[in-house]
Amino acid sequence: MKTLTKKSIFSALVVLFSVFQLTAQAIVINAPEPADNPNLSGSTPWSAICAGNGGFNEYFVNISWIGTANAGNEFILELSDANGSFDNAQTLKTITDKNTVKDFDTSFPIPTDTRGQGYKMRVRSTDPIKIGSASSAYNMYYMDVTSNLNISELGDGVPPGSVCSTGAITLQVDNIPNPETYQYIWFRSGTELTGEKGHTLNVTQTGMYNVYVDYGPSCTGSGNTDSNIVDVNIGGTGAGIAINTPTKTSLCSTDTEVLSIDQTNASWNYQWYKDGNAILGATGTSYTVNAAIAGFEADYAVEISGTGICNELSEVVTITNAELYTVTVENELNLVLLPTQNQVLTVSTTANTPNYKWFRNTIEITGETNSSLTISEDGEYYVEVTQTGGACSVSSKNSEITTVVSPASFEITTNYTGSYTACETTSITIGVELINAVADNGIKTDVTSSLIDAFTYQWKKDGTDVTGATGKNISLASNLENGSYLLNATIQAFDINSNTLSAQLLTSETVNITSSGTVFCSGGETIIISTSADLSSSTFDWQLDGSSINTTDATLTVSTPGTYKLVLDRDGCSLNSNEITITPLDENLITLDPGTEIVIPEGTTKTVSANGGTSYRWVDANSTEISNSDSVTFSEAGTYTLIASIDNCEIIKQLEVTFLDTFKVPNVITVNGDGINDQWVIPNSYSNKEDVNVIIYNEQGQEIINQFDYKNNWPQSTTAFTKQNMVFYYKIRNASEVLKQGTITVIR
């Protein structure tokens, strides 16, 4: 596909190449444009991509470029993400056989996860390396769902047709895999419900509901995903059903309670619910709650349904467990019994009139019937609490077990109390994490919470006491404190050393590097990278893209693009500088607003602004400078050049300013040699155009002119006109249609 705009840009770029003598490897790649699909009859260039119907996924773009490509070059057609970003561009097509073809069409498929309205395309070359301009944004969708959706209230795949409910209901898409991964467009009675994009819909209003998969403004209709329609009636008055008041709502384990609906009808269906979930088989007018079944305590309700009525759910009735009392151990569950020491065990309970029985190693301790117990030997202790009063008497419950040990030794474990990464963290706290009492048989019991404050502590660094570090934690805030740390702890006759932890903190200092530039203008240049840090007594490493390139020079001279940084050794840790990225010159850094093709009505002006440079020079066709600011106002047609600087580099862009046509194709010329109206001059939208064909016929229908790129130079003499007034016929056309046709009268 060729367009007038692209031809103009192409011609301007050719002029630019010849004027400034670009190197043999220079290349400019235009933005790809939609093209006809030659495999489809009557095809026209696409304006959006709606792939997937019947598996169809073949589209074409036109690619044009100028310059010289090397023999091994590949053109790679790339696709952005749905927001137009090429940070993670996807390859649509790799082209290896067009290195001498400057204008061609190529086909491509879109990835099957493409869904969005902001996709762009671009083309890049590999030899020479060049990234072309990005295209406009397009709607692109691969429609992997192209069949009718089903929506229902129950999610069972059965279209309900109509639903009648006294309260809100939820409709859901239920016939495609992973419905939550798509966006949807919901409608109520033909009106779109703005903002409702999920696969479920909370319905609170009466109406007729349906849904589509949202494939954007261009593709949704062609996806064929319209669902069934559900006619919902919300707010019916209902029958006002309720559950009869139970005899009691707090049950003992030997109790049962019959719940019944307060009104019945032979045409109704019934369903009982427990905590909002339907009870399997509970479809009668009553339901019996059996307290002997664990988990009976709950909220119960009943729902009616039937022909001609709205589904109606009763208010809940709450059934509780009268035997549901608590027994709570107040002491630590793991205790250490040191020599000559006693411990007190205590429980609390919500039981009505409780009795207590204490047990050691499952054997009852005779005479211990209080809520507390004083012990002097190790073992496993618990208490049995019996409720003797209230509605449900003589029910028992055991407390949790308290493990009491007489230690043969202790084991202390320390750990970093926050996140720590060697040579990245700049401060850290180390503290006691676990204290185990170790019995004679090797069994360990966690006694951290009961004894952590009973020990005496001393921290050691590299085997030496740290002055003043006598708490259960030690804080380190400097790389000068790096070393190996352990904790010595004592209690009575026990003396224990913890595990050893290494602290390797990164210094809090910073190091910065600077460069004499960040862009290579052409091959053979060098850039200086340096630092204000004193490297004379340091071990250091200059790196390019993460790899070492120099360990001796305080100043670095580079000629290779990439990301540079300086790494210093600080106490065995790497101290990284800031990074400097040096790149080849990219002509796309300079942009022009509104572009390089400027059309103005004669007698008016147009301002063009440049962006991305550090300085600018604007010159006319005679190389005369007309401005050195970032913008210039044009009032005359012609070819102009912008020379933009980025640091020490120059980028050259050419602009074409033309006047807007304000006259029509003339139908009379006077060839009398007076210099006025002697030639047939047509508007510049038709003349001087390589893709516009001008044909002139004489009165006998014979062609006398058949030209592309007509130069407004007919007739070139008056000798061919034998009559006073002669009539000629003309057609102006492009490759696909006649643009203009009519007659020309020549007056001598």
Side-chain angles (χ1 to χ4, degrees), residues 242-260 272-277 279 282 286-302 315-337 341-406 437 443 445-447 449-450:
I243 296 175
N244 289 314
T245 302
T247 304
K248 55 183 177 180
T249 58
S250 184
L251 306 183
C252 300
S253 58
T254 56
D255 292 336
T256 59
E257 180 67 27
V258 177
L259 304 178
S260 60
W272 288 86
Y273 288 85
K274 176 183 177 183
D275 288 337
N277 300 309
I279 303 172
S286 65
Y287 176 74
T288 300
V289 179
N290 185 351
I293 299 174
F296 72 90
E297 55 269 33
D299 289 335
Y300 292 86
V302 64
E315 294 292 332
V316 302
V317 168
T318 300
I319 302 296
T320 62
N321 189 341
E323 297 181 357
L324 199 61
Y325 60 90
T326 62
V327 176
T328 305
V329 177
E330 301 295 342
N331 51 266
E332 297 289 341
L333 294 179
N334 294 295
L335 295 176
V336 171
L337 194 63
Q341 183 185 43
N342 291 331
Q343 290 280 14
V344 177
L345 311 182
T346 304
V347 297
S348 60
T349 182
T350 59
N352 195 326
T353 317
N355 286 338
Y356 301 93
K357 287 183 182 180
W358 284 92
F359 293 81
R360 174 179 176 269
N361 297 335
T362 70
I363 298 173
E364 183 181 352
I365 304 173
T366 304
E368 295 294 344
T369 58
N370 295 319
S371 60
S372 296
L373 174 68
T374 300
I375 63 172
S376 59
E377 55 185 336
D378 57 17
E380 292 188 337
Y381 293 84
Y382 67 90
V383 65
E384 178 188 85
V385 178
T386 301
Q387 178 174 258
T388 62
C392 308
S393 60
V394 193
S395 61
S396 300
K397 183 177 293 187
N398 292 341
S399 72
E400 293 181 276
I401 293 174
T402 298
T403 300
V404 182
V405 296
S406 295
I443 294 176
T445 303
D446 180 359
V447 293
S449 58
S450 60

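Just so you know, residue 1 is the first one in the sequence shown, and it goes up from there.
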Q: Decide yes or no for L259 and P246: does some side-chain heavy atom of the first lie under 4.5 Å from some side-chain heavy atom of the second?
A: yes

**Q.** For D275, all residues meeting side-chain hydrogen bond (donor to acceptor under 3.5 Å, both in side chains), sequence neighbours excluded
**A.** none

Q | side chain to side chain donor-acceptor pair (under 3.5 Å) partner of E323, chosen from S396, S253, S250 | A | S253

Q. Within the distance-only criterion (no hydrogens, no angle test), does the side chain of N290 pair as donor or acceptor with the backbone N or O of A292 below 3.5 angstrom?
A. yes

Q | Check: T349 main-chain N/O paired with T326 side-chain donor or acceptor under 3.5 Å | A | no

Q. If you measure only the distance, is there a donor-acceptor pair under 3.5 Å linking the side chains of S260 and N244?
A. yes

**Q.** Under the side-chain hydrogen bond (donor to acceptor under 3.5 Å, both in side chains) test, residues paired with S371 that sit two or more places apart
**A.** none

Q) For T288, which residues count as a side-chain contact (heavy atoms from CB on, under 4.5 Å) partner, sequence neighbours excluded? A) T256, V258

Q.
Can you tell me how far apart CG (N277) and CG (D299) are? Round to the nearest 0.5 Å.
A. 11.5 Å

Q: Determine whether L373 and V383 make a side-chain contact, defined as any pair of heavy atoms from C-beta on separated by less than 4.5 Å.
A: no

**Q.** Short side-chain to backbone donor-acceptor contact, T386 and N355, under 3.5 Å
**A.** no

(Q) Applying salt bridge (Lys or Arg N to Asp or Glu O under 4.0 Å), can you list everything that pairs with E315, at least two apart in sequence or on another chain? (A) none

Donor-acceptor pairs are to be reported for all side-chain atoms of residues 328-335 against protein atoms at under 3.5 Å, with residues two or more places apart or in another chain.
| residue | atom | partner | partner atom | Å |
| --- | --- | --- | --- | --- |
| E330 | OE2 | S348 | OG | 2.5 |
| N331 | OD1 | T346 | N | 2.9 |
| N331 | ND2 | T402 | OG1 | 3.1 |
| E332 | OE1 | S449 | OG | 2.6 |
| E332 | OE2 | S449 | OG | 3.3 |

(Q) Test: salt bridge (Lys or Arg N to Asp or Glu O under 4.0 Å). Region: residues 379-398. Which pairs qualify, not counting sequence neighbours? (A) none

Q: Write out all pairs satisfying salt bridge (Lys or Arg N to Asp or Glu O under 4.0 Å) with one or both partners inside residues 369-378, taking only residues at least two apart or from two chains.
A: R360-E377, R360-D378

Q) For D255, which residues count as a side-chain hydrogen bond (donor to acceptor under 3.5 Å, both in side chains) partner, sequence neighbours excluded? A) K248

Q.
Can you pull out every ring pair (Phe, Tyr, Trp, His ring centres under 6.0 Å) where at least one residue sits in residues 346-395? Sequence neighbours excluded, please.
A. F359-Y382

Q: Using the test side-chain contact (heavy atoms from CB on, under 4.5 Å), find all partners of N352 that sit at least two apart in sequence or belong to another chain.
A: Q387

(Q) List the residues meeting ring pair (Phe, Tyr, Trp, His ring centres under 6.0 Å) with F296, not counting sequence neighbours, and say none if there are none. (A) none

Q: Kindly say whether T249 contributes a backbone atom to a donor-acceptor pair with the side chain of E257 at under 3.5 angstrom?
A: no

Q | Over 12 non-hydrogen atoms of neighbours within 6.0 angstrom of CD in E400 | A | no

**Q.** side-chain contact (heavy atoms from CB on, under 4.5 Å) partners of N342, counting only residues at least two apart
**A.** T374, S376

